[in-house]
Amino acid sequence: MDRFNPHMLALARDVRGLTQPELAPLIPIAQGTLSKYETGVKEPPDEFADAAGRALGFPPSFFYQPDRPYGFPPFHYRKRKKLSAKALGRIVAEMNIRRMHIRKMLPSFPLPTNRFIPEIDRDEYGASRKGRLDIEDVARAVREHWMVPSGPIENLMALLEDNGGIVIPCDFGTDLLDAMSQRIDGMPVLFFVNTHSPSDRLRYTLAHELAHMVLHTISLQDDAAMEDEADEFAGAFLMPADEVRHHLRKFDLRQLANMKGYWKVSMAAIAVRADRLKLITPYQSRMFWMEMSRLGYRTREPNEPAPERPTFLDKVVRHLVTTLGYTREDVAKLLDLLPVEFDRMYGPRTSSFPEIKSATHLRVVK
Amino acid sequence: MPADDLEAVMSSFAPTFLDDFDQICRLSHARYRRYPAADLLEHDGRAAAACTYCHMYEEAIRRWTDRPGIKPLDIRGRKVWAIGAEVVVRLKKTDEDGRSRNYPTRQDQDYDRGLPLPGLPEPAVRLTVGYLLSPTQTEIVRIQISKPLGRQIEWCAAIVPAELAVGGRQWEDVTRQRGFG
(Lines give C-alpha, C1' and ligand atoms only; values in the text may rest on other atoms or scores of the structure.)
Protein backbone atom coordinates (compact mmCIF):
# COMPACT_ATOMS: atom_id res chain seq x y z
CA MET A 1 0.00 0.00 0.00
CA ASP A 2 1.11 3.58 -0.72
CA ARG A 3 2.06 5.96 2.06
CA PHE A 4 -0.55 8.01 3.91
CA ASN A 5 -0.85 11.34 2.07
CA PRO A 6 -1.34 14.23 4.53
CA HIS A 7 -2.57 16.50 1.70
CA MET A 8 -5.55 14.17 1.24
CA LEU A 9 -6.47 14.53 4.90
CA ALA A 10 -6.50 18.32 4.54
CA LEU A 11 -8.53 18.07 1.32
CA ALA A 12 -11.12 15.78 2.89
CA ARG A 13 -11.43 18.05 5.93
CA ASP A 14 -11.72 21.19 3.76
CA VAL A 15 -14.31 19.73 1.43
CA ARG A 16 -16.50 18.93 4.43
CA GLY A 17 -16.06 22.50 5.66
CA LEU A 18 -14.49 21.43 8.97
CA THR A 19 -11.69 23.03 10.92
CA GLN A 20 -9.15 20.91 12.80
CA PRO A 21 -10.79 21.63 16.19
CA GLU A 22 -14.14 20.56 14.71
CA LEU A 23 -12.84 17.37 13.13
CA ALA A 24 -10.61 16.13 15.98
CA PRO A 25 -13.44 15.08 18.34
CA LEU A 26 -15.31 13.37 15.49
CA ILE A 27 -12.41 10.95 14.86
CA PRO A 28 -11.79 11.13 17.97
CA ILE A 29 -8.22 12.31 18.41
CA ALA A 30 -6.38 15.21 20.01
CA GLN A 31 -6.17 18.26 17.75
CA GLY A 32 -2.41 18.37 18.15
CA THR A 33 -2.08 14.83 16.84
CA LEU A 34 -4.43 15.59 13.96
CA SER A 35 -2.38 18.65 13.11
CA LYS A 36 0.85 16.61 13.07
CA TYR A 37 -0.73 14.01 10.77
CA GLU A 38 -2.06 16.71 8.46
CA THR A 39 1.24 18.56 8.18
CA GLY A 40 3.19 15.34 7.70
CA VAL A 41 5.24 15.86 10.86
CA LYS A 42 4.10 12.49 12.13
CA GLU A 43 3.05 9.32 10.25
CA PRO A 44 -0.40 8.15 11.41
CA PRO A 45 -1.03 4.50 12.32
CA ASP A 46 -2.91 2.35 9.77
CA GLU A 47 -6.17 2.41 11.72
CA PHE A 48 -6.26 6.25 11.58
CA ALA A 49 -7.35 6.20 7.93
CA ASP A 50 -10.40 4.09 8.88
CA ALA A 51 -11.36 6.44 11.70
CA ALA A 52 -10.80 9.61 9.63
CA GLY A 53 -12.69 8.07 6.70
CA ARG A 54 -15.67 7.30 8.96
CA ALA A 55 -15.70 10.86 10.29
CA LEU A 56 -15.31 12.48 6.88
CA GLY A 57 -17.32 10.10 4.67
CA PHE A 58 -14.44 8.77 2.57
CA PRO A 59 -13.04 5.24 2.20
CA PRO A 60 -9.61 4.74 3.85
CA SER A 61 -8.02 4.39 0.38
CA PHE A 62 -8.79 8.10 -0.22
CA PHE A 63 -5.94 9.07 2.12
CA TYR A 64 -3.39 6.96 0.27
CA GLN A 65 -3.74 8.62 -3.13
CA PRO A 66 -0.36 9.92 -4.28
CA ASP A 67 -1.75 13.10 -5.90
CA ARG A 68 -0.92 16.62 -4.79
CA PRO A 69 -3.43 19.46 -4.50
CA TYR A 70 -3.29 22.56 -6.68
CA GLY A 71 -4.08 26.00 -5.29
CA PHE A 72 -6.35 28.68 -6.73
CA PRO A 73 -5.49 29.93 -10.20
CA PRO A 74 -3.74 33.31 -10.11
CA PHE A 75 -6.82 35.36 -11.07
CA HIS A 76 -10.00 36.29 -9.21
CA TYR A 77 -8.03 37.98 -6.46
CA ARG A 78 -10.93 40.33 -5.65
CA LYS A 79 -13.44 37.49 -5.55
CA ARG A 80 -11.16 35.48 -3.30
CA LYS A 81 -10.94 38.39 -0.89
CA LYS A 82 -14.71 38.27 -0.40
CA LEU A 83 -14.69 34.57 0.50
CA SER A 84 -14.06 33.28 4.01
CA ALA A 85 -11.08 30.98 4.51
CA LYS A 86 -13.46 28.10 5.12
CA ALA A 87 -15.46 28.71 1.92
CA LEU A 88 -12.26 29.15 -0.06
CA GLY A 89 -10.79 25.93 1.37
CA ARG A 90 -13.94 24.04 0.50
CA ILE A 91 -13.95 25.26 -3.11
CA VAL A 92 -10.27 24.47 -3.61
CA ALA A 93 -10.75 21.02 -2.08
CA GLU A 94 -13.78 20.28 -4.27
CA MET A 95 -11.86 21.37 -7.37
CA ASN A 96 -8.90 19.17 -6.47
CA ILE A 97 -10.99 16.11 -5.74
CA ARG A 98 -12.89 16.51 -9.02
CA ARG A 99 -9.65 16.96 -10.91
CA MET A 100 -8.25 13.76 -9.41
CA HIS A 101 -11.42 11.91 -10.42
CA ILE A 102 -11.12 13.09 -13.99
CA ARG A 103 -7.46 12.12 -14.12
CA LYS A 104 -8.45 8.59 -13.09
CA MET A 105 -11.39 8.24 -15.46
CA LEU A 106 -9.98 9.80 -18.61
CA PRO A 107 -7.45 7.08 -19.57
CA SER A 108 -10.39 4.71 -20.13
CA PHE A 109 -12.31 7.21 -22.29
CA PRO A 110 -11.55 7.87 -25.96
CA LEU A 111 -10.85 11.62 -26.05
CA PRO A 112 -10.76 13.44 -29.39
CA THR A 113 -7.24 14.80 -29.78
CA ASN A 114 -7.92 17.55 -32.32
CA ARG A 115 -9.98 19.78 -30.05
CA PHE A 116 -8.38 22.35 -27.80
CA ILE A 117 -8.91 25.63 -26.06
CA PRO A 118 -6.34 27.99 -27.57
CA GLU A 119 -3.76 29.83 -25.48
CA ILE A 120 -2.52 33.18 -26.61
CA ASP A 121 1.02 34.34 -26.02
CA ARG A 122 0.47 38.07 -25.64
CA ASP A 123 3.93 38.95 -26.92
CA GLU A 124 3.68 36.86 -30.07
CA TYR A 125 0.06 37.82 -30.75
CA GLY A 126 0.69 41.48 -30.04
CA ALA A 127 3.87 41.51 -32.15
CA SER A 128 1.96 40.41 -35.20
CA ARG A 129 -0.53 43.24 -34.59
CA LYS A 130 1.83 46.12 -33.93
CA GLY A 131 2.11 45.57 -30.20
CA ARG A 132 -1.55 45.86 -29.33
CA LEU A 133 -3.74 43.04 -28.04
CA ASP A 134 -7.27 43.69 -29.24
CA ILE A 135 -9.61 41.67 -27.02
CA GLU A 136 -12.53 42.00 -29.48
CA ASP A 137 -10.24 40.54 -32.11
CA VAL A 138 -9.19 37.64 -29.88
CA ALA A 139 -12.85 36.80 -29.09
CA ARG A 140 -13.70 36.88 -32.79
CA ALA A 141 -10.69 34.66 -33.55
CA VAL A 142 -11.78 32.05 -30.99
CA ARG A 143 -15.32 32.05 -32.41
CA GLU A 144 -13.91 31.58 -35.90
CA HIS A 145 -11.45 28.91 -34.75
CA TRP A 146 -14.36 26.92 -33.30
CA MET A 147 -16.55 27.69 -36.31
CA VAL A 148 -19.29 29.28 -34.20
CA PRO A 149 -22.01 30.65 -36.49
CA SER A 150 -23.10 34.27 -36.12
CA GLY A 151 -25.79 35.03 -33.55
CA PRO A 152 -26.10 33.83 -29.99
CA ILE A 153 -24.19 30.79 -28.75
CA GLU A 154 -26.94 28.25 -28.25
CA ASN A 155 -25.23 26.24 -25.51
CA LEU A 156 -21.93 27.53 -24.15
CA MET A 157 -21.25 24.50 -21.99
CA ALA A 158 -21.67 22.20 -25.00
CA LEU A 159 -19.38 24.46 -27.05
CA LEU A 160 -16.65 24.32 -24.41
CA GLU A 161 -16.98 20.57 -24.03
CA ASP A 162 -16.97 20.07 -27.82
CA ASN A 163 -13.70 21.97 -27.96
CA GLY A 164 -11.63 20.21 -25.38
CA GLY A 165 -12.93 21.62 -22.09
CA ILE A 166 -14.69 19.76 -19.32
CA VAL A 167 -17.44 21.52 -17.39
CA ILE A 168 -17.83 20.18 -13.86
CA PRO A 169 -20.90 21.12 -11.83
CA CYS A 170 -19.90 21.68 -8.19
CA ASP A 171 -21.59 22.76 -5.00
CA PHE A 172 -19.39 25.68 -3.89
CA GLY A 173 -21.57 26.25 -0.83
CA THR A 174 -21.63 30.00 -1.53
CA ASP A 175 -23.04 32.29 -4.21
CA LEU A 176 -20.03 34.61 -4.10
CA LEU A 177 -18.26 32.59 -6.78
CA ASP A 178 -19.95 31.34 -9.95
CA ALA A 179 -17.17 29.48 -11.72
CA MET A 180 -13.47 28.73 -11.72
CA SER A 181 -11.16 27.29 -14.35
CA GLN A 182 -7.86 25.43 -14.41
CA ARG A 183 -5.39 24.57 -17.12
CA ILE A 184 -3.08 21.79 -15.97
CA ASP A 185 -0.56 20.08 -18.22
CA GLY A 186 -1.70 16.75 -19.58
CA MET A 187 -5.36 17.40 -18.88
CA PRO A 188 -8.23 19.08 -20.69
CA VAL A 189 -9.07 22.57 -19.43
CA LEU A 190 -11.42 22.24 -16.48
CA PHE A 191 -14.30 24.63 -15.81
CA PHE A 192 -15.84 24.26 -12.37
CA VAL A 193 -19.30 25.82 -12.20
CA ASN A 194 -21.39 26.57 -9.15
CA THR A 195 -24.68 24.68 -9.42
CA HIS A 196 -26.43 27.42 -7.41
CA SER A 197 -25.70 30.24 -9.86
CA PRO A 198 -28.44 31.69 -12.10
CA SER A 199 -28.10 30.43 -15.66
CA ASP A 200 -27.76 33.87 -17.32
CA ARG A 201 -24.91 34.83 -14.98
CA LEU A 202 -23.29 31.43 -15.40
CA ARG A 203 -23.01 31.76 -19.18
CA TYR A 204 -21.25 35.09 -18.84
CA THR A 205 -18.99 33.77 -16.09
CA LEU A 206 -18.07 30.73 -18.17
CA ALA A 207 -17.11 33.02 -21.05
CA HIS A 208 -15.11 35.08 -18.54
CA GLU A 209 -13.29 31.92 -17.42
CA LEU A 210 -12.66 30.98 -21.04
CA ALA A 211 -11.01 34.38 -21.42
CA HIS A 212 -8.62 33.61 -18.56
CA MET A 213 -7.78 30.26 -20.16
CA VAL A 214 -7.14 31.88 -23.54
CA LEU A 215 -5.40 35.05 -22.42
CA HIS A 216 -3.83 34.53 -19.02
CA THR A 217 -2.25 31.10 -18.82
CA ILE A 218 1.02 31.99 -20.56
CA SER A 219 1.59 35.49 -19.26
CA LEU A 220 0.04 37.09 -16.21
CA GLN A 221 -0.82 40.73 -15.56
CA ASP A 222 -2.13 42.50 -12.51
CA ASP A 223 -5.49 41.25 -11.28
CA ALA A 224 -7.58 44.30 -12.25
CA ALA A 225 -6.23 44.25 -15.82
CA MET A 226 -6.86 40.52 -16.19
CA GLU A 227 -10.41 40.82 -14.87
CA ASP A 228 -11.11 43.74 -17.18
CA GLU A 229 -9.81 41.85 -20.20
CA ALA A 230 -11.79 38.75 -19.24
CA ASP A 231 -14.97 40.83 -18.95
CA GLU A 232 -14.37 42.43 -22.31
CA PHE A 233 -13.69 39.06 -23.90
CA ALA A 234 -16.84 37.52 -22.35
CA GLY A 235 -18.99 40.31 -23.78
CA ALA A 236 -17.35 40.15 -27.20
CA PHE A 237 -17.48 36.35 -27.34
CA LEU A 238 -21.15 36.09 -26.39
CA MET A 239 -22.34 39.26 -28.17
CA PRO A 240 -20.16 40.19 -31.16
CA ALA A 241 -20.08 43.95 -31.63
CA ASP A 242 -21.27 44.06 -35.24
CA GLU A 243 -24.33 41.95 -34.37
CA VAL A 244 -25.30 43.48 -31.06
CA ARG A 245 -24.83 47.08 -32.14
CA HIS A 246 -28.08 47.45 -34.05
CA HIS A 247 -30.06 45.77 -31.25
CA LEU A 248 -28.86 48.50 -28.94
CA ARG A 249 -30.32 51.36 -30.93
CA LYS A 250 -33.02 51.24 -28.27
CA PHE A 251 -31.88 51.06 -24.67
CA ASP A 252 -34.70 50.43 -22.22
CA LEU A 253 -35.69 47.57 -19.93
CA ARG A 254 -38.10 46.15 -22.48
CA GLN A 255 -35.48 45.97 -25.20
CA LEU A 256 -32.87 44.59 -22.81
CA ALA A 257 -35.28 41.88 -21.66
CA ASN A 258 -35.91 40.88 -25.28
CA MET A 259 -32.18 40.95 -25.98
CA LYS A 260 -31.68 38.74 -22.96
CA GLY A 261 -34.09 36.19 -24.44
CA TYR A 262 -32.11 36.24 -27.69
CA TRP A 263 -28.49 36.42 -26.48
CA LYS A 264 -29.13 34.43 -23.27
CA VAL A 265 -27.08 36.72 -21.07
CA SER A 266 -28.26 38.94 -18.26
CA MET A 267 -29.58 42.44 -18.87
CA ALA A 268 -26.72 43.65 -16.70
CA ALA A 269 -24.17 42.02 -19.03
CA ILE A 270 -25.86 43.60 -22.05
CA ALA A 271 -25.73 47.02 -20.38
CA VAL A 272 -22.03 46.58 -19.63
CA ARG A 273 -21.47 45.60 -23.24
CA ALA A 274 -23.39 48.67 -24.45
CA ASP A 275 -21.27 50.82 -22.17
CA ARG A 276 -18.00 49.30 -23.43
CA LEU A 277 -19.04 49.80 -27.04
CA LYS A 278 -19.94 53.42 -26.15
CA LEU A 279 -23.49 52.94 -27.43
CA ILE A 280 -24.99 54.58 -24.34
CA THR A 281 -24.13 57.74 -22.47
CA PRO A 282 -22.82 57.68 -18.88
CA TYR A 283 -26.18 59.17 -17.87
CA GLN A 284 -28.10 56.31 -19.51
CA SER A 285 -25.81 53.83 -17.81
CA ARG A 286 -26.30 55.47 -14.40
CA MET A 287 -30.09 55.57 -14.82
CA PHE A 288 -30.12 51.93 -15.88
CA TRP A 289 -28.24 50.75 -12.79
CA MET A 290 -30.45 52.86 -10.53
CA GLU A 291 -33.54 51.31 -12.12
CA MET A 292 -32.10 47.81 -11.78
CA SER A 293 -31.41 48.44 -8.08
CA ARG A 294 -34.88 49.88 -7.52
CA LEU A 295 -36.50 46.81 -9.04
CA GLY A 296 -34.24 44.38 -7.16
CA TYR A 297 -32.90 43.01 -10.46
CA ARG A 298 -29.26 43.38 -9.43
CA THR A 299 -29.55 40.33 -7.20
CA ARG A 300 -31.79 38.26 -9.45
CA GLU A 301 -33.11 39.24 -12.85
CA PRO A 302 -36.41 38.01 -14.32
CA ASN A 303 -36.61 35.78 -17.39
CA GLU A 304 -33.75 33.47 -16.60
CA PRO A 305 -32.87 31.37 -19.64
CA ALA A 306 -33.14 27.59 -19.43
CA PRO A 307 -30.10 26.25 -17.57
CA GLU A 308 -27.39 24.54 -19.56
CA ARG A 309 -26.19 21.15 -18.44
CA PRO A 310 -22.71 19.76 -18.95
CA THR A 311 -22.70 16.29 -20.47
CA PHE A 312 -19.06 15.24 -20.72
CA LEU A 313 -18.73 13.67 -17.28
CA ASP A 314 -22.04 11.83 -17.73
CA LYS A 315 -20.64 10.43 -20.98
CA VAL A 316 -17.44 9.30 -19.26
CA VAL A 317 -19.30 7.56 -16.43
CA ARG A 318 -21.74 6.05 -18.94
CA HIS A 319 -18.80 4.74 -20.96
CA LEU A 320 -17.28 3.11 -17.88
CA VAL A 321 -20.61 1.50 -17.00
CA THR A 322 -22.12 0.49 -20.32
CA THR A 323 -19.02 -0.15 -22.44
CA LEU A 324 -16.46 -1.25 -19.90
CA GLY A 325 -18.84 -3.06 -17.54
CA TYR A 326 -18.06 -1.18 -14.34
CA THR A 327 -20.60 -1.41 -11.52
CA ARG A 328 -21.47 1.55 -9.31
CA GLU A 329 -19.18 0.16 -6.62
CA ASP A 330 -16.36 -0.32 -9.14
CA VAL A 331 -16.50 3.31 -10.27
CA ALA A 332 -16.73 4.51 -6.67
CA LYS A 333 -13.66 2.40 -5.83
CA LEU A 334 -11.77 3.76 -8.82
CA LEU A 335 -12.47 7.29 -7.57
CA ASP A 336 -11.78 6.46 -3.91
CA LEU A 337 -15.30 7.44 -2.97
CA LEU A 338 -18.03 5.80 -0.93
CA PRO A 339 -20.85 4.66 -3.26
CA VAL A 340 -23.27 7.11 -1.66
CA GLU A 341 -20.86 9.97 -2.32
CA PHE A 342 -20.39 8.78 -5.89
CA ASP A 343 -24.17 8.93 -6.36
CA ARG A 344 -24.21 12.50 -5.06
CA MET A 345 -21.42 13.63 -7.36
CA TYR A 346 -22.07 11.62 -10.50
CA GLY A 347 -25.59 10.26 -10.10
CA PRO A 348 -28.14 10.50 -12.89
CA ARG A 349 -28.85 14.08 -13.86
CA THR A 350 -30.65 13.33 -17.09
CA SER A 351 -33.26 10.76 -18.04
CA SER A 352 -30.86 9.32 -20.63
CA PHE A 353 -28.35 8.44 -17.95
CA PRO A 354 -28.13 4.64 -17.60
CA GLU A 355 -29.15 2.88 -14.45
CA ILE A 356 -25.88 1.89 -12.78
CA LYS A 357 -26.06 -1.64 -11.58
CA SER A 358 -24.79 -2.44 -8.13
CA ALA A 359 -22.45 -5.36 -7.74
CA THR A 360 -24.41 -8.54 -7.13
CA HIS A 361 -23.27 -10.80 -4.37
CA LEU A 362 -23.99 -14.48 -3.83
CA ARG A 363 -25.52 -15.29 -0.51
CA VAL A 364 -26.37 -18.55 1.17
CA VAL A 365 -30.10 -19.33 1.13
CA LYS A 366 -31.09 -21.66 3.93
CA MET B 1 -78.81 53.88 -16.03
CA PRO B 2 -77.48 50.76 -14.26
CA ALA B 3 -75.44 51.25 -11.08
CA ASP B 4 -71.84 51.93 -12.11
CA ASP B 5 -70.03 51.81 -8.78
CA LEU B 6 -67.29 49.24 -8.35
CA GLU B 7 -69.12 46.83 -6.06
CA ALA B 8 -72.34 46.78 -8.09
CA VAL B 9 -70.66 46.33 -11.47
CA MET B 10 -68.15 43.71 -10.37
CA SER B 11 -70.75 41.65 -8.54
CA SER B 12 -73.02 41.71 -11.59
CA PHE B 13 -70.68 39.67 -13.76
CA ALA B 14 -67.76 38.61 -11.58
CA PRO B 15 -68.75 34.99 -10.94
CA THR B 16 -69.36 34.34 -14.63
CA PHE B 17 -66.67 36.20 -16.53
CA LEU B 18 -63.71 37.16 -14.34
CA ASP B 19 -61.93 33.87 -14.84
CA ASP B 20 -62.37 34.22 -18.61
CA PHE B 21 -60.95 37.77 -18.59
CA ASP B 22 -57.98 36.57 -16.58
CA GLN B 23 -57.31 33.59 -18.81
CA ILE B 24 -57.79 35.49 -22.08
CA CYS B 25 -55.15 38.05 -21.11
CA ARG B 26 -52.68 35.64 -19.57
CA LEU B 27 -52.86 33.02 -22.32
CA SER B 28 -52.54 35.64 -25.03
CA HIS B 29 -49.52 37.28 -23.44
CA ALA B 30 -47.90 33.88 -22.86
CA ARG B 31 -48.54 33.01 -26.49
CA TYR B 32 -46.93 36.22 -27.63
CA ARG B 33 -43.88 35.59 -25.44
CA ARG B 34 -43.44 32.23 -27.17
CA TYR B 35 -42.65 33.98 -30.47
CA PRO B 36 -39.03 33.34 -31.55
CA ALA B 37 -36.63 35.53 -29.56
CA ALA B 38 -35.29 37.06 -32.78
CA ASP B 39 -38.82 38.24 -33.70
CA LEU B 40 -39.57 39.63 -30.24
CA LEU B 41 -36.36 41.61 -30.51
CA GLU B 42 -37.64 43.39 -33.62
CA HIS B 43 -40.98 44.36 -32.08
CA ASP B 44 -41.50 47.66 -30.35
CA GLY B 45 -44.04 48.10 -27.56
CA ARG B 46 -46.79 48.94 -30.00
CA ALA B 47 -46.20 45.82 -32.11
CA ALA B 48 -46.14 43.70 -28.96
CA ALA B 49 -49.45 45.15 -27.79
CA ALA B 50 -50.99 44.72 -31.25
CA CYS B 51 -49.94 41.05 -31.48
CA THR B 52 -51.14 40.34 -27.95
CA TYR B 53 -54.44 42.07 -28.73
CA CYS B 54 -54.97 39.85 -31.78
CA HIS B 55 -54.47 36.75 -29.64
CA MET B 56 -56.78 38.16 -26.96
CA TYR B 57 -59.49 38.84 -29.50
CA GLU B 58 -59.27 35.38 -31.04
CA GLU B 59 -59.22 33.74 -27.61
CA ALA B 60 -62.32 35.74 -26.64
CA ILE B 61 -64.09 34.67 -29.82
CA ARG B 62 -63.21 31.04 -29.09
CA ARG B 63 -64.57 31.26 -25.57
CA TRP B 64 -67.61 33.45 -26.03
CA THR B 65 -69.08 32.58 -29.40
CA ASP B 66 -72.55 31.14 -28.79
CA ARG B 67 -72.19 31.73 -25.07
CA PRO B 68 -75.41 33.09 -23.59
CA GLY B 69 -75.18 36.48 -21.91
CA ILE B 70 -72.32 37.92 -23.99
CA LYS B 71 -72.13 39.00 -27.59
CA PRO B 72 -69.43 40.63 -29.72
CA LEU B 73 -70.05 44.06 -31.22
CA ASP B 74 -68.03 45.82 -33.87
CA ILE B 75 -68.34 49.58 -33.61
CA ARG B 76 -66.56 50.90 -36.69
CA GLY B 77 -63.56 48.66 -36.10
CA ARG B 78 -63.53 48.86 -32.30
CA LYS B 79 -64.33 45.39 -31.00
CA VAL B 80 -66.25 45.23 -27.75
CA TRP B 81 -68.36 42.70 -25.92
CA ALA B 82 -71.76 43.41 -24.45
CA ILE B 83 -72.50 41.52 -21.26
CA GLY B 84 -76.26 41.56 -21.08
CA ALA B 85 -77.63 45.07 -21.53
CA GLU B 86 -75.76 46.53 -18.56
CA VAL B 87 -72.05 46.27 -19.31
CA VAL B 88 -69.78 46.69 -22.33
CA VAL B 89 -66.10 45.67 -22.14
CA ARG B 90 -63.11 46.17 -24.39
CA LEU B 91 -59.70 44.51 -24.16
CA LYS B 92 -56.59 46.68 -23.83
CA LYS B 93 -53.07 46.93 -22.51
CA THR B 94 -53.26 49.27 -19.51
CA ASP B 95 -51.04 51.00 -16.99
CA GLU B 96 -51.29 50.44 -13.25
CA ASP B 97 -54.23 52.83 -12.99
CA GLY B 98 -56.19 50.90 -15.61
CA ARG B 99 -55.67 53.53 -18.32
CA SER B 100 -54.79 52.56 -21.87
CA ARG B 101 -51.68 54.41 -22.93
CA ASN B 102 -52.01 54.88 -26.66
CA TYR B 103 -53.32 58.04 -28.25
CA PRO B 104 -57.12 57.60 -28.29
CA THR B 105 -59.21 58.01 -31.40
CA ARG B 106 -62.26 60.23 -31.25
CA GLN B 107 -64.39 57.10 -30.96
CA ASP B 108 -62.29 55.84 -28.03
CA GLN B 109 -62.60 59.22 -26.33
CA ASP B 110 -66.38 59.00 -26.68
CA TYR B 111 -66.31 55.44 -25.34
CA ASP B 112 -64.32 56.59 -22.31
CA ARG B 113 -66.63 59.55 -21.69
CA GLY B 114 -69.71 57.33 -21.90
CA LEU B 115 -71.11 59.32 -24.83
CA PRO B 116 -73.63 57.62 -27.12
CA LEU B 117 -72.06 55.51 -29.86
CA PRO B 118 -74.12 53.95 -32.65
CA GLY B 119 -74.51 50.20 -32.08
CA LEU B 120 -73.67 50.22 -28.36
CA PRO B 121 -76.45 49.32 -25.95
CA GLU B 122 -77.51 52.36 -23.95
CA PRO B 123 -77.03 53.07 -21.16
CA ALA B 124 -74.53 50.25 -20.52
CA VAL B 125 -71.50 50.79 -18.20
CA ARG B 126 -68.34 50.91 -20.32
CA LEU B 127 -65.34 49.08 -18.96
CA THR B 128 -61.80 48.24 -19.99
CA VAL B 129 -60.38 44.80 -19.31
CA GLY B 130 -56.63 45.26 -19.34
CA TYR B 131 -53.36 43.62 -18.52
CA LEU B 132 -50.55 45.31 -16.62
CA LEU B 133 -47.01 44.24 -17.52
CA SER B 134 -43.84 44.14 -15.45
CA PRO B 135 -41.15 46.82 -16.05
CA THR B 136 -39.45 44.54 -18.58
CA GLN B 137 -42.82 44.00 -20.32
CA THR B 138 -42.21 40.27 -20.24
CA GLU B 139 -44.49 39.18 -17.41
CA ILE B 140 -48.06 39.95 -16.42
CA VAL B 141 -48.35 41.71 -13.08
CA ARG B 142 -52.14 41.60 -12.94
CA ILE B 143 -55.31 41.62 -14.98
CA GLN B 144 -57.61 44.48 -14.13
CA ILE B 145 -60.97 45.96 -14.97
CA SER B 146 -61.32 49.72 -14.98
CA LYS B 147 -64.07 52.20 -15.52
CA PRO B 148 -62.83 55.16 -17.51
CA LEU B 149 -64.18 58.65 -17.01
CA GLY B 150 -62.73 60.63 -19.87
CA ARG B 151 -58.96 60.47 -19.41
CA GLN B 152 -59.41 59.73 -15.72
CA ILE B 153 -60.26 56.41 -14.13
CA GLU B 154 -63.23 56.19 -11.82
CA TRP B 155 -62.25 52.86 -10.36
CA CYS B 156 -59.99 49.93 -11.07
CA ALA B 157 -60.28 46.36 -9.78
CA ALA B 158 -57.62 43.65 -10.06
CA ILE B 159 -58.74 40.10 -10.75
CA VAL B 160 -57.40 37.70 -8.16
CA PRO B 161 -56.19 34.57 -9.98
CA ALA B 162 -58.20 31.51 -8.94
CA GLU B 163 -55.17 29.83 -7.31
CA LEU B 164 -54.54 32.90 -5.10
CA ALA B 165 -58.16 33.67 -4.18
CA VAL B 166 -58.66 33.63 -0.41
CA GLY B 167 -62.19 33.19 0.93
CA GLY B 168 -63.65 33.22 -2.56
CA ARG B 169 -62.80 36.88 -3.16
CA GLN B 170 -62.36 37.17 -6.93
CA TRP B 171 -61.22 40.79 -7.18
CA GLU B 172 -59.56 43.58 -5.22
CA ASP B 173 -60.05 47.33 -5.47
CA VAL B 174 -56.75 48.78 -6.75
CA THR B 175 -58.01 52.29 -7.56
CA ARG B 176 -55.19 54.78 -6.95
CA GLN B 177 -55.95 56.76 -3.83
CA ARG B 178 -55.80 60.51 -4.20
CA GLY B 179 -53.60 62.44 -1.79
CA PHE B 180 -55.00 65.09 0.53
CA GLY B 181 -54.90 68.76 -0.33
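Below, each value reflects all heavy atoms present in this structure, side chains not excepted, and no hydrogens, waters or symmetry copies. The structure displayed is predicted, hence computed values, not measured ones.
Pairs of residues two or more places apart, or lying in two chains, that qualify as ring-ring contact (aromatic ring centres under 6.0 Å, His included) and include a residue from residues 68-101 of chain B are B:Tyr57-B:Trp81, B:Trp64-B:Trp81.
Summarising the local packing, CZ of B:Arg106 is surrounded by 12 or fewer heavy atoms from other residues, nucleotides or ligands at distances under 6.0 Å. Residue B:Lys79 places its NZ atom among more than 12 non-hydrogen atoms of other residues, nucleotides or ligands, all under 6.0 Å distant.
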Please tabulate, one pair per line, the donor and acceptor atoms of chain A and chain B that lie under 3.5 Å from each other, or say none if there are none.
{"residue": "B:Arg33", "atom": "NH1", "partner": "A:Asn258", "partner atom": "OD1", "Å": "3.0"}
{"residue": "B:Arg33", "atom": "NH2", "partner": "A:Asn258", "partner atom": "OD1", "Å": "3.2"}
{"residue": "B:Leu40", "atom": "O", "partner": "A:Asn258", "partner atom": "ND2", "Å": "3.4"}
{"residue": "B:His43", "atom": "O", "partner": "A:Arg254", "partner atom": "NH1", "Å": "3.2"}
{"residue": "B:His43", "atom": "O", "partner": "A:Arg254", "partner atom": "NH2", "Å": "3.1"}
{"residue": "B:Asp44", "atom": "O", "partner": "A:Arg254", "partner atom": "NH2", "Å": "3.2"}
{"residue": "B:Thr138", "atom": "OG1", "partner": "A:Asn303", "partner atom": "OD1", "Å": "3.2"}
{"residue": "B:Thr138", "atom": "OG1", "partner": "A:Asn303", "partner atom": "ND2", "Å": "2.8"}

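Considering every non-hydrogen atom in both B:Ala37 and A:Gly261, the closest pair reads CB-O, 3.6 Å. Shortest non-hydrogen contact noted between B:Pro135 and A:Leu253 is O-CB, 3.7 Å.
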